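Take this structure first; my questions come after.
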Amino acid sequence: MAKEIKLAEELIDFIHQSPTAFHVVENTAQELEANGYKYLDIASPWNIDKGGKYYTTKSSSALFAFQIGTDEPENGGLKLISAHSDSPGFKIKPQPEMLVDNKYLKLNTEVYGGPILMSWLDRPLSLAGRVLLKGEDALNPKHTLVDFRKPLLIIPSVAIHLNRSVNDGIELNKQVDMLPLMTIVKDTLEKENYLLKLIAEQLNVNTDDILDFDLFVYEFEKGCLVGPNQEFISSPKLDDLAMVHAGLKALLASNNSASTNILCVFDNEEVGSVTKQGAGSPVLRNIIERIMEKLGKSQEDYQRSIYKSFMISADMAHSVHPNHPEKHDPVLHPVMNAGPVIKIHANQKYTTDGESGAIFESICKQADVPVQKFVNRSDMVGGSTLGNVSTGKIDIRTVDIGNPMLGMHSVRELGGTNDHTYVMKAFATFYNM
């Protein structure tokens, strides 16, 4: 398992360096540039050539990398893998300082997505995100990233002595129970713009230069490998940075210069994808149309390319739970370290159909990778993902897949070490077909 462990450790490092969607994009861009990809500003003129490698970003939290093949795209189509950069958690509200008994300073937060709230209690937490600074004009503020990279906050639970029924089950109130404690203040005046001053100090700028920020709370402790044989990955944000990382590694490892390969990293999947940088926006369609136009293609060429293309929508999947197998379909029980999972839903919360599922199975067979299938219990409502959202904007044949995991949306999720290598091999095989 030496190679599998090494790749899993690389994933853990990638996640640890990517506490927010903004950092995911920055770190992905750095690795792309180190491997010969050229940045194209989405708001500037583009010049692209066959055989070229490029990437662009949207709103600093979504990224699209593409390798232009030597073959005509209207003949062979495009090969796309899509994943998402965001994870459930807590976003800092404006003017967040809240004083308790003139001593404790806590921060006001808003829940982002659907986190498992109890998993965030009593853990060292930190802050990271994007800060907007004064620019040359009002319509173009400067963007910079901040990551405090130290245990800065904690959300304390209520002691069992003060809540004797806590082990019988408790409903946590998002506005009351989930506010992180930051510090003790000596003077109530200290609380004024306390966080703003910390940000200014961290970035070495004046507080007057800070216009706004998008800051998120994150789990400070780094992920690790678990098990007698290091067979499990315990880490924050496996959903969906494991798929981002696997897609990136596969794109960089691909050696097929004939086909046009695209990696899409959308934002805001956890809140429905209907944002300017989400899978529910026209951003991917616009980028593909732009590529085709720069290659001198007609509208009919574009349409032919779309209908010959294939996309793998990669978002993590559920493993059967060892303590609660009854939560799953009575027959289909995906397990960790047994390969990627094809996700199926009759009412199309997943976009997989017989054709796209068969194609992905063939890809896995060619890659010598095992494959599994997941369908929800018929009496339970499941989640949705990128596939059915993105195909509402651009009608490419698509399959929804993901690696099996436990604790999805916990602050600390659990996946299989071998599965990360399996899915990366499947992705690389797809790009190389």
Side-chain angles (χ1 to χ4, degrees), residues 1 3-21 23-25 27-28 31 63 65 81-89 113 115 218-219 222-227 230-253 263-267 269-270 312-319 334-343 360 364 367 369-372 374 383 385-387 399-428 430-431:
M1 282 182 62
K3 291 182 179 178
E4 290 81 359
I5 288 173
K6 182 177 183 295
L7 188 64
E9 288 175 338
E10 289 178 9
L11 168 63
I12 290 170
D13 289 340
F14 177 77
I15 291 174
H16 190 59
Q17 296 296 326
S18 306
T20 71
H23 292 83
V24 172
V25 166
N27 293 329
T28 302
E31 193 153 357
L63 178 145
I81 294 172
S82 63
H84 65 88
S85 60
D86 61 321
S87 303
Y218 74 91
E219 150 85 307
K222 187 178 181 179
C224 63
L225 298 180
V226 175
Q230 298 182 296
E231 57 262 51
F232 301 118
I233 305 170
S234 171
S235 174
K237 303 178 186 295
L238 289 177
D239 175 25
D240 191 34
L241 298 196
M243 297 295 97
V244 173
H245 185 259
L248 172 63
K249 290 297 181 182
L251 183 67
L252 297 180
L263 175 66
C264 312
V265 182
F266 294 104
D267 191 13
E269 189 276 342
E270 299 294 355
I312 298 174
S313 166
D315 200 356
M316 296 295 275
H318 299 292
S319 166
V335 296
M336 291 181 287
N337 289 322
V341 177
I342 298 173
K343 301 191 287 187
F360 187 73
C364 289
V369 165
V371 66
Q372 309 178 81
F374 171 84
T385 183
L386 298 161
V399 64
D400 275 307
I401 66 100
N403 274 348
M405 62 177 290
L406 294 171
M408 188 180 289
H409 288 199
S410 171
V411 74
R412 194 89 178 190
E413 300 169 324
L414 190 71
T417 301
N418 288 345
D419 286 330
H420 196 54
T421 294
Y422 283 147
V423 80
M424 193 278 285
K425 285 178 64 179
F427 289 169
F430 170 60
Y431 278 144

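Basis for what follows: all heavy atoms, side chains included, without hydrogens, waters or symmetry-related copies. These numbers come from a predicted model, not from an experiment.
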Verdict with reasoning, Leu414 to Leu238, per side-chain contact (heavy atoms from CB on, under 4.5 Å): CA-CA 8 Å; Leu414 190 71; Leu238 289 177; 5.6 Å; no
Side chain to side chain, Leu406 and Met336, heavy atoms closer than 4.5 Å: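 Yes, close enough: below the 4.5 Å cut-off.
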Minimal non-hydrogen separation, Ala426 against Ala367, with atom names: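 Where Ala426 meets Ala367 most closely, the heavy atoms are CA-CB, 4.0 Å.
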Atom pair CD1 (Ile401) and SG (Cys364), whose distance is rounded to the nearest 0.5 Å: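 It comes to 7.5 Å.
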Asp400 side-chain N/O to Ala314 backbone N/O, donor-acceptor pair under 3.5 Å: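 No; judged by distance alone, with no hydrogens or angles, the pair does not exist.
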Non-hydrogen side-chain atoms of Glu9 and Leu225 separated by less than 4.5 Å: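 Touching, per the 4.5 Å side-chain cut-off.
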Main-chain N/O of Ala242 paired with Asn403 side-chain donor or acceptor, under 3.5 Å: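 No, the answer is negative, given that no donor and acceptor are paired below the 3.5 Å cut-off.
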Side-chain H-bond candidate by donor/acceptor type, His420 with Glu10, under 3.5 Å: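 Note: His420 and Glu10 side chains miss the donor-acceptor criterion.
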Pairwise side-chain contact, Glu269 with Thr385, heavy-atom cut-off 4.5 Å (strictly under):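 Yes, side chains in contact.
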Donor-acceptor pair, side chain of Gln372 and main chain of Gly339, under 3.5 angstrom: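 Present.
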Minimum side-chain heavy-atom gap Leu263-Tyr431 below 4.5 Å: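 In contact.
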Flag side-chain contact, heavy atom, 4.5 Å: Arg412 against Cys224: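 In short, these two side chains touch, coming nearer than 4.5 Å.
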Point-to-point distance, once rounded to the nearest 0.5 Å, from CG of Leu248 to CD of Glu31: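 Going from the CG atom of Leu248 to the CD atom of Glu31 covers 4.5 Å.
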Non-hydrogen side-chain atoms of Ile15 and His245 separated by less than 4.5 Å: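 They are not in side-chain contact.
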Value rounded to 0.5 Å, distance of CD1 in Ile312 from CD1 in Ile342: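 The CD1 atom of Ile312 sits 10.0 Å away from the CD1 atom of Ile342.
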Heavy-atom donor-acceptor pair, Glu413 side chain to Asp239 backbone, under 3.5 Å: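 Between the backbone of Asp239 and the side chain of Glu413 there is a qualifying donor-acceptor contact (under 3.5 Å).
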For Thr417 against Ala8, the heavy-atom pair lying closest together: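 Scanning both residues, the minimum pair turns out to be CG2-CB, 3.8 Å.
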Side chain to side chain, Phe427 and Lys249, heavy atoms closer than 4.5 Å: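 When only atoms from C-beta onward are counted, Lys249 and Phe427 do not touch, as no gap falls below 4.5 Å.
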Asn27 and Phe14, any side-chain heavy atoms less than 4.5 Å apart: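 Heavy-atom side-chain distance check passes, below 4.5 Å.
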Given Val25, Asp86, Leu63, Val24, the one that forms side chain to side chain contact (heavy atoms under 4.5 Å, CB included) with Asp267: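 When side chain to side chain contact (heavy atoms under 4.5 Å, CB included) is applied between Asp267 and each of Val25, Asp86, Leu63, Val24, only Asp86 qualifies.
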Over 12 foreign heavy atoms within 6.0 Å of NZ, Lys222: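 Count over threshold, so yes.
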Over all atoms of both residues, closest heavy-atom pair of Lys343 and Met316: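 Closest approach of Lys343 to Met316: NZ-O, 3.2 Å.
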Ring geometry between His318 and Phe374 (parallel below 30°, tilted from 30 to 60°, perpendicular above 60°):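 Tilted.
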Minimum-distance pair of heavy atoms, taken over all atoms of Leu241 and Ser85: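 Minimum heavy-atom contact is CD2-O, 3.8 Å.
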Which atom of Asp240 lies closest to which atom of Ser87, heavy atoms considered: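 Smallest interatomic distance, heavy atoms only, reads N-OG, 4.5 Å.
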Heavy-atom closest pair, residues Val341 and Pro334: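 Distance-wise, the nearest heavy atoms are CG2-CB, 3.8 Å.
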Straight-line distance of Leu386 CG to Ile81 CD1, nearest 0.5 Å: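 Output value for this atom pair is 12.5 Å.
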